Amino acid sequence: MGGKVSCTLGEVKNRADFMIYWGGNPAECHPRHFTKYTIMQKGKFVKGRKDRTMVLVDIRETPSAKAADIFLQIRPGKDFEAITALRAMLKGQPIDPAITEETGLKIEQLQDLADRMKRCKFGVIFFGMGLSMTRGKHMNSASILTLAAEMNAFTKFVAMPMRGHGNVAGADMVLRWTTGYPFGINLCRGFPRFNPGEFSTVDMLVRGDIDAAFVLGADPGATMPQPGIDTLARVPTIVLDPKVTHTSKLARVHITTAPTGISSPGTVYRMDEIPLPLRPALKSPYPGDEEVVRRIAAAVSKRPSWLPGPQVASSEVA
């Protein structure tokens, strides 16, 4: 995948004078993002809104478009083509206008965006699920990260995913330091194998490749495609969650746990991968997720391991 070029949200607040929101709607999905870290903040080197330019790329005009200086309405599923055209423009390669018009954007609009990206002092691309979970999926993410990396031949540029639910980045971080990969990992052979699209959760659920599910702090039953939800309902599903969710309603087992960060201590990761330790403010009669997982692991370890039987030589069979 493309080289990752990123930074902290503090650097964005203090230095970024040009930002692109691609495939996201922060005004509704991340309402504090504008005011705390990006366009509305007074930074150390960028004094405020007048010193920043914000571009929104999306398939429809959302409330975030009202805050944008430039709104580019792209056709659904044409993100990869638009990013590839931008990369070609940065390198001075000729582009057929008919190809760019398939994206819903004119070649002049993309050229203007490429020129603005080159002229800025510190640029950042925030990309959301409108990019990473539509046609192209992880290839879209790879191309936007590669675009940011290639922009560093002209100026300082970074890219950052707009994570959704709380501590999504935390799961990626733990998997990264334990396996070397952030997601889409298969451990069936005794070592980690990474292949997005084949081993990603949503793809395995939709294909029905699993025969059991263990869900911690997530609600795939509310967000997954219907074939994936049908798989969760069909197989033994165990859910650890403080509250009743769509997934817990279809699960065979639901273990109520203490809310993390409220009644259970731990470390969460902000979307820019900065760790934040949380101290519980309230007590809970329920155990935390970690305690429950440790109990399950201890119970499983007491059971005899399953190993393949001894190989029988062909002469013995005869």
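Owing to the predicted nature of the structure, the values given are computational and were not obtained by experimental measurement. The figures here come from the full heavy-atom set of this structure, side chains too, leaving out hydrogens, waters and symmetry mates.
The hydrophobic clustering, which links ILVMFWY residues whose side-chain heavy atoms are closer than 4.5 Å, places Met271 and Met173 apart. Cluster annotation: Leu72 is connected to Leu147 through the hydrophobic network of ILVMFWY side chains, with a link wherever side-chain heavy atoms come within less than 4.5 Å. Under the 4.5 Å side-chain heavy-atom criterion for Ile, Leu, Val, Met, Phe, Trp and Tyr, Phe154 and Val55 are members of the same hydrophobic cluster. Both Leu90 and Val57 are assigned to one and the same hydrophobic cluster, defined by single-linkage of ILVMFWY side chains at heavy-atom distances under 4.5 Å. Linking ILVMFWY side-chain heavy atoms closer than 4.5 Å, directly or via other members, places Val300 and Leu240 in a single hydrophobic cluster.
The pair Lys156-Glu11 fails the salt-bridge criterion, with no side-chain N (NZ, NE, NH1 or NH2) lying under 4.0 Å from an Asp/Glu carboxylate O. In summary, Arg135 and Glu81 engage in a salt bridge, as defined by a charged side-chain N under 4.0 Å from a carboxylate O.
In this structure, Ser6 contributes its side chain and Ala159 its backbone to a donor-acceptor pair below 3.5 Å. Listed for the Ser143 side chain is a donor-acceptor partner under 3.5 Å among the backbone atoms of Met139. Judged purely by atom type and a 3.5 angstrom limit, Ser200 has no side-chain atom pairing as donor or acceptor with the backbone of Pro196. The closest donor-acceptor contact from the side chain of Ser248 to the backbone of Val244 lies at 3.5 Å or more, if one exists at all. Distance alone, capped at 3.5 Å, places no donor-acceptor pair between the Asn140 side chain and the Ser132 backbone.
Note that CG of Leu175 is 10.5 Å distant from CZ of Phe183, once rounded to the nearest 0.5 Å. Rounding to the nearest 0.5 Å places CE of Met40 at 14.5 Å from NZ of Lys13. For the atom pair Ile144 CD1 and Asp79 CG, the distance stands at 8.0 Å (nearest 0.5 Å). With rounding to the nearest 0.5 Å, the separation of CD in Gln41 from CG in Asn14 is 8.5 Å. How far CD1 of Ile255 is from CD1 of Ile296: 4.5 Å, rounded to the nearest 0.5 Å. Here the straight-line distance linking atom OG1 of Thr245 with atom CG of Leu250 works out to 8.0 Å at 0.5 Å rounding.
In this structure, Asp241 and His254 approach most closely via the heavy-atom pair O-NE2, 3.1 Å. Among all heavy-atom pairs drawn from Ile210 and Ala213, the shortest one is CD1-CB, 4.1 Å. In terms of heavy-atom proximity, Ala16 sits nearest to Val46 at O-CG2, 3.7 Å. Pro275 and Thr267 make their closest contact through CB-CG2, 3.9 Å (heavy atoms, listed as atom of the first residue, atom of the second, distance). Contact between Ile74 and Ala82 at its shortest, heavy atoms only, is CD1-CB, 3.6 Å. When all heavy atoms are compared, the tightest approach of Pro242 to Thr256 is O-CG2, 3.7 Å.
A 4.5 Å side-chain heavy-atom check between Arg207 and Glu198 finds at least one atom pair inside the cut-off. Within the 4.5 Å cutoff, the side chain of Pro220 has heavy atoms near those of the Leu232 side chain. Contact annotation: the side chain of Thr100 never approaches that of Leu105 to less than 4.5 Å [non-hydrogen atoms, C-beta and beyond]. A 4.5 Å side-chain heavy-atom check between Met224 and Thr231 finds every atom pair outside the cut-off. The closest side-chain heavy-atom distance from Trp22 to Ile83 is below 4.5 Å. Between Met162 and Pro26 there is a side-chain heavy-atom pair separated by less than 4.5 Å. You'll find the side chain of Pro265 stays beyond 4.5 Å of the side chain of Arg279, heavy atoms only. Residues Thr237 and Val215 have side chains in contact (heavy-atom distance under 4.5 Å, counting atoms from C-beta outward).
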**Study point:** Step-by-step side chain to side chain contact (heavy atoms under 4.5 Å, CB included) determination, Leu9 to Met160
**Key:** CA-CA 9 Å; Leu9 287 168; Met160 191 182 303; 3.8 Å; yes
**Study point:** Stepwise side chain to side chain contact (heavy atoms under 4.5 Å, CB included) check, Asn186 with Asn195
**Key:** CA-CA 8 Å; Asn186 189 311; Asn195 194 9; over 6 Å; no
Practice item. Report the C-alpha distance between Val292 and Tyr286 in whole Å, list the side-chain angles of each, state the deciding distance to 0.1 Å, and finish with yes or no for side chain to side chain contact (heavy atoms under 4.5 Å, CB included). Key: CA-CA 10 Å; Val292 174; Tyr286 302 107; over 6 Å; no
Practice item. List the steps and the verdict of side chain to side chain contact (heavy atoms under 4.5 Å, CB included) for Ile107 and Met89. Key: CA-CA 10 Å; Ile107 194 167; Met89 288 175 177; 3.6 Å; yes
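Annotation: ring-ring contact (aromatic ring centres under 6.0 Å, His included) contacts involving residues 29-60, sequence neighbours excluded, comprise Tyr21-His33, Tyr21-Phe34, His33-Phe126. Legend: salt bridge (charged side-chain N to carboxylate O under 4.0 Å, His left out) pairs involving residues 114-123, not counting sequence neighbours, sorted by first then second residue: Asp112-Arg116. Sorted by first then second residue, the salt bridge (charged side-chain N to carboxylate O under 4.0 Å, His left out) pairs that include residues 43-62, not counting sequence neighbours, are Arg49-Asp69.
Remark: the Ser64 side chain and the Asn25 side chain contain an N/O donor-acceptor pair separated by less than 3.5 Å.
Residue Gln73 places its CD atom among more than 12 non-hydrogen atoms of other residues, nucleotides or ligands, all under 6.0 Å distant. Around atom CZ of Arg193, more than 12 heavy atoms belonging to other residues, nucleotides or ligands sit under 6.0 Å away. Heavy-atom contacts from other residues, nucleotides or ligands closer than 6.0 Å to CG of Asp96 number more than 12.
When the options Phe194, Phe191, Phe199 are evaluated for a ring-ring contact (aromatic ring centres under 6.0 Å, His included) with Tyr181, the one that passes is Phe194.
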